[in-house]
Every structure is written in C-alpha cells, then in structure tokens.
Amino acid sequence: MTAKNHSVKTRFAPSPTGYLHIGGARTALFAWAYARRHGGTFVLRIEDTDVARSTPEAVQAILDGMQWLGLAHDEGPYYQMQRMMRYKEVIGQMLAAGTAYHCYTSKEELDALRAEQEAKKEKPRYDGTWRPESGKTLPTPPSGIHPVVRFKNPTAGVVAWDDQVKGRIEIANAELDDFIIARADGTPTYNFCVVVDDWDMGITHVIRGDDHVNNTPRQINLLEALGAPVPRYGHLSMILGDDGTKLSKRHGAVSVMQYDEDGYLPEAVLNYLGRLGWSHGDEEIFSMTQFVEWFDLDHITSSAAQFNTEKLNWLNAHYIKLADDARLGQEIHRRLARQGVENTASPDPGEIAALYKDRVSNLNELADSAHAFYVAPHASAELKAQHLTEAAKSALKDLRSRLASADFSPEVLGKTLKETLAATGLKMPQVAIPLRVVLLGQPQSPAIDRVLAVLGRTEVLRRLDQAL
RNA sequence: GACCCUAUCGUCUAGAGGCCUAGGACAACACCCUUUCACGGUGUGAACCGGGGUUCGAAUCCCCGUGGGGUCGCCA
C-alpha cells in the first residue's frame, strides 16, 4: 500500500447470492483496470447483508471467477457482515443528529399504502407519517412495535453528479422518499452499508452497473448528511444477451467459470469484455497490460451492448494460436480426463496442440481433435465405403511397408508418402484422405506427415493393420 | 404509470460542427493460398431511428416523437 496512489481507489462489491456472471466480470474488470491505470487500489468487498440469500459457496464462486480472470484485489475481501458494529454506530449518530428517525409504520401498512398509490398510478413512496418536522406533532409510538430507521432525505432541490460515463445526471429530491436504513431488527440496509463502506474505505471512484443509477442520489444525500466526501461515480451500461434481450441463464448470465468449462481462455474473455462498450480507436486485440495502459472512462459507451459469441470465438481462436503448446497440452489433458480419457502422456498432448492450435477456436474442440490420438477412432461405414477403395487400400499397403522402416520425422515421412505416390501413380489426396480416415476416423486433419510423426510408428502401423 | 439513461452497418464500435462520397472489427459472401479441412491473405455488400430547429455547414448541438434499457422492497 505504500507506493499506491491514494487519489484513486475503486472497488468491486458483489453480493454473494450467486456466481460471478459475465456482467459482473466486466464491472470488475473496469473497476480493476481503472485502479491499475492510475496506480491506485482495487478493493474487493462482499456485500453479504442479505443473510437469507448469501451463501459461502457463492463467495467462493466469486473468488474463483476473479482468480480465473486474474483480477487481483489489493484490499479485502471485506465482508459487510463483519462491519455490523460500525453500521450501528453510524445509525446511532444519525439518530442523535436528527438526520434519521424511527418510523413505526408496519410492513402491512406500507403494502397497503403502496397498493393504493399504484392503483392511482402514482410512484410508490413513503408518506412521511413519522418524519419529524419543526412544528409538527408526531403520532404516539405504538407499543410493542420495533421501528425501522429512515433517512431524512432533503425534500427540496436536486441531487446532481457528473457521471464519469454518462455525463451530468440530475434527480429532484422530490422524487426520493425517506428510505429505510435499518430494519426493525436493527440490521442496516444496502444503500446505507454501501455509503458507510465507501466512506470508511476511502473509495474515490465508484464504477458499477447502470442498475445503480437510481441509488446514487440516495447515497449522495446520505454521504452529505454524514459529512463524508462524495466519490466520483461512473455507471456502466448493461450487457444484453446475444439476442438483444436481457441477459439470462440461457445466454450468458452464467458463471464466468462456465466459459472455462466451454473452452475459452481467460485472456480471450478479458479482451472481449474490455472491448465491449469501451474502445481505443480501432484497436481490437490487446493484452491486459495494454488495456490497463489505455483504459479510461471517457471512451465507455453509454448505451447497452449486445453480447456477441462469434466475436468472442474469434478472439479465443486468436489467443489459442498464441498460447504456449505445453499449456494447451495441459488443457487437452484436463478436458480429456473429464471425458474419462486418462492416459494422455503419449503422444505428448503439447505436440498435438501444436498440430491443431491454429485450426480451432475453442479448447474443447482442441481436446476433441486430440481424442483420436489416444483412442483409436472408428470411421463410419459410409466414410470407409467412400474412401477405402481397392486402389486406396493397395496404396496404403505399399505405404505401410515403407513406414515399417522409415524414420518418423515429418521430412522423411513426406518423402515416404511421395514414394508411395510414385509407386502407385496416385495423387496426394487419393492417398492422404484414405490415410486420414484410417488413422483418425475422418477425412480432414492437419498435414498428414505431421500427424504421422506425432502419432508414432507403433500406433500408425497398428491402425493401418487394423484397417487393411 | 412515474423517474432516470440511451439510439451509427445484423453485432461490437470509430466519430466530440467542416478531415465523412461515415472508418475498423466480428459475422456473411467472393476470390487467392492449399495435401484434405481449417488457418491465413485479398476483396465485396452492409449503418448515422423519425421530425423539427441552431449554423455558411450536423452523424456530431437543441427540442419533440418513437424504439430500447434501468429503477421504483424492512433485496442487493
């Protein structure tokens, strides 16, 4: 913390009621990048005050997601449930200062009030029954009822802030009501905890989702009532599903870990997310180092962006091409093991990766391609009928005898193949395609001489003998 | 319903009054490369939501519509 720039401190504050999904991941990425860009501090805060819906599994899932993406926090994770004493202290202070008050209106009365207002097509809001006002006589508190604590929101004027991504936003105080900051059981509510935390933790830039725009004026009022500094706010627009509708489990509101499961590299997801709703001219492909160097709030799009799987696929293909063979080999091993294929030591999965990495756009595809190297595939009857003609078979026999003694380097294998072509008078595809069908169970593959080399003499001969 | 935000190719976007006969990328299509399939390369088609202003000049500024999104909990 010593070398940190204290003029910038951002936070990511998820509530552990589910996994880290793609929208949350982008919010985290932007908050993280902003802190990194300015040499500041990135705080992780777990907002777990909803005891009924928060789970330790969800906390872990969020931590796992952040780790997979490589978004390391500098402070935290803080847990709001561990800060209860502090919240209660501040509530006491506000009550004493008269910036908050007890309200005895019951839930039932509130529901009735809301129903009534909705029937009249009005905006539902608290009616201010228990709000103290100079010269106003308050009702007598009913006995046996635990009151909630409400914030005494200003009634006049506007709350305004220069949103770092959307520009100036103004909301009339008349639109706001006296919201509850502590429940009847004494536990504080969301808007209140956020304010105390942002204040105590010295957050300078609140970068969060669009869905919080309406909370911001309340939080600013609260901060001002507390005499706390008001951070800068930047509200990120939402990510929409592939079909332009709200993100759902069907298309993207799944855990970021699902992307790992589905064969995506974290750097591809990061690059994709970074470019979704943010731009640096025409730049499409950038590392996180580069992203951090370029990142700013001025170039964030203020409208919602539609998620596009095809573009993610393209980036994934790009990063797979760039990835280290050994790393890809491990991915092959891991993914094949999940399918029950354990013996992936020979051939070296890294060598298979080298063969396929520039042909696939997904790690699962890569693993699928590697599968045939470990488990001898069965070509379909149609495929065999189509490609394993008598001419092809005799050519393969010729090749088999040459392969028995040939050196298994791609160079020599290439020459050996040509010898068979010369001996049989066939063209390369007439031999190579049947050979692929026999060896890998399908008519397409990378350069056949390289496939032979990776598969190795023993296995090649075995598969050839099996088929002829 | 009220309030807030928003609107450029199918999609992500560049664009901050003249550089725009609107640029890039994904996707699509065509061609090239090729030992098959891919990769790759080259190219083509494709957009400023509508209407009013302001201005010598508007994709860019203002207003009104319309479309989209968000929020209206003792949830976060």
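Since the structure is predicted, the reported quantities are computational estimates derived from the model, not experimental observations. Residue numbering restarts at 1 for every chain, and letters A, B, ... go by the order of the sequence lines.
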So T309(A), base contact, sugar-phosphate only, or nothing? Heavy-atom distance under 4.0 Å. nothing
Is the distance from OP1 or OP2 of A14(B) to the nearest side-chain N or O of S279(A) less than 4.0 Å? yes
Using both distances under 3.5 Å as the test, list the Watson-Crick or G-U wobble partner of C3(B), or none. G70(B)
Going by the angle between their ring planes, with limits at 30° and 60°, are F30(A) and F295(A) parallel, tilted or perpendicular? tilted
Syn or anti for C39(B), taking syn as within 90° of 0? syn
Cation-pi geometry met for R150(A) and Y126(A) (6.0 Å, 45°): yes
Base, sugar-phosphate or nothing for L276(A)? Non-hydrogen atoms, less than 4.0 Å. sugar-phosphate
Contact string for nucleotides 23-33 of chain B, one letter per nucleotide 5' to 3', B = base within protein heavy-atom range under 4.0 Å, S = sugar-phosphate only, - = neither, reads BBBSS------
Is S445(A) touching bases, backbone alone, or none of the nucleic acid, heavy atoms closer than 4.0 Å? base
Have a look at K120(A) and say if it touches a base, only the backbone sugar-phosphate, or nothing, with a 4.0 Å heavy-atom cut-off. nothing
Going 5' to 3' through nucleotides 58-71 of chain B and flagging B where a protein heavy-atom sits under 4.0 Å of the base, S where only the sugar-phosphate is that close, and - otherwise, we get ------------BS
When the P atoms of A7(B) and G50(B) are considered, how many whole Å apart are they? 14 Å
Carboxylate-amine/guanidinium contact R45(A) D198(A), below 4.0 Å: yes
Do the rings of H318(A) and W314(A) sit parallel, tilted or perpendicular, given the 30° and 60° boundaries? tilted
Taking the six-membered ring for Trp, is the centroid-to-centroid distance between W278(A) and Y34(A) below 6.0 Å? no
Quick one: F286(A) CZ to C12(B) P, roughly how many Å, whole number? 16 Å
NZ/K415(A): more than 12 non-hydrogen atoms of other groups inside 6.0 Å: no
From CD1 of I169(A) across to P of C4(B) the rounded distance in Å is 10 Å
Please determine whether a side-chain nitrogen or oxygen atom of R125(A) lies at a distance below 4.0 Å from atom OP1 or OP2 of C72(B). no
So what does K166(A) touch, heavy atoms closer than 4.0 Å: a base, only the sugar-phosphate, or nothing? sugar-phosphate
Would you verify whether the NZ or CZ of R86(A) falls within 45 degrees of the ring axis of W199(A) while also being under 6.0 Å from that six-membered ring's centre? yes
Determine the contact category for R53(A): base if any of its heavy atoms lies under 4.0 Å from a base atom, sugar-phosphate if only primed atoms, P, OP1 or OP2 are that close, otherwise nothing. base
Go through the steps for Y190(A) and H212(A) under the test ring pair (Phe, Tyr, Trp, His ring centres under 6.0 Å), then give the verdict. CA-CA 11 Å; Y190(A) 170 75; H212(A) 287 289; 5.7 Å; yes
Base, sugar-phosphate or nothing for P446(A)? Non-hydrogen atoms, less than 4.0 Å. base
What nucleic acid atoms does D185(A) come within less than 4.0 Å of, heavy atoms only: base, sugar-phosphate, or nothing? nothing
The nucleotide from U35(B), A14(B), C74(B) with an atom nearest the side chain of T189(A) is C74(B)
So what does A305(A) touch, heavy atoms closer than 4.0 Å: a base, only the sugar-phosphate, or nothing? sugar-phosphate
What is the distance, to the nearest angstrom, from the CD1 atom on I22(A) to the C1' atom on C12(B)? 15 Å
Side-chain donor-acceptor pair present, Y319(A), N271(A), cut-off under 3.5 Å: yes
If I take atom CD in residue Q306(A) and atom C1' in nucleotide G10(B), what distance separates them, rounded to the nearest angstrom? 9 Å
Return the orientation label for the F179(A) and F151(A) ring planes: parallel under 30°, perpendicular over 60°, tilted otherwise. tilted
For A76(B), does OP1 or OP2 lie under 4.0 Å from any side-chain N or O of S54(A)? no
So what does T301(A) hit on the nucleic acid, given a heavy-atom distance under 4.0 Å: a base, only sugar-phosphate, or nothing? sugar-phosphate
Answer with base, sugar-phosphate or nothing: what part of the nucleic acid does G277(A) contact at a heavy-atom distance below 4.0 Å? sugar-phosphate
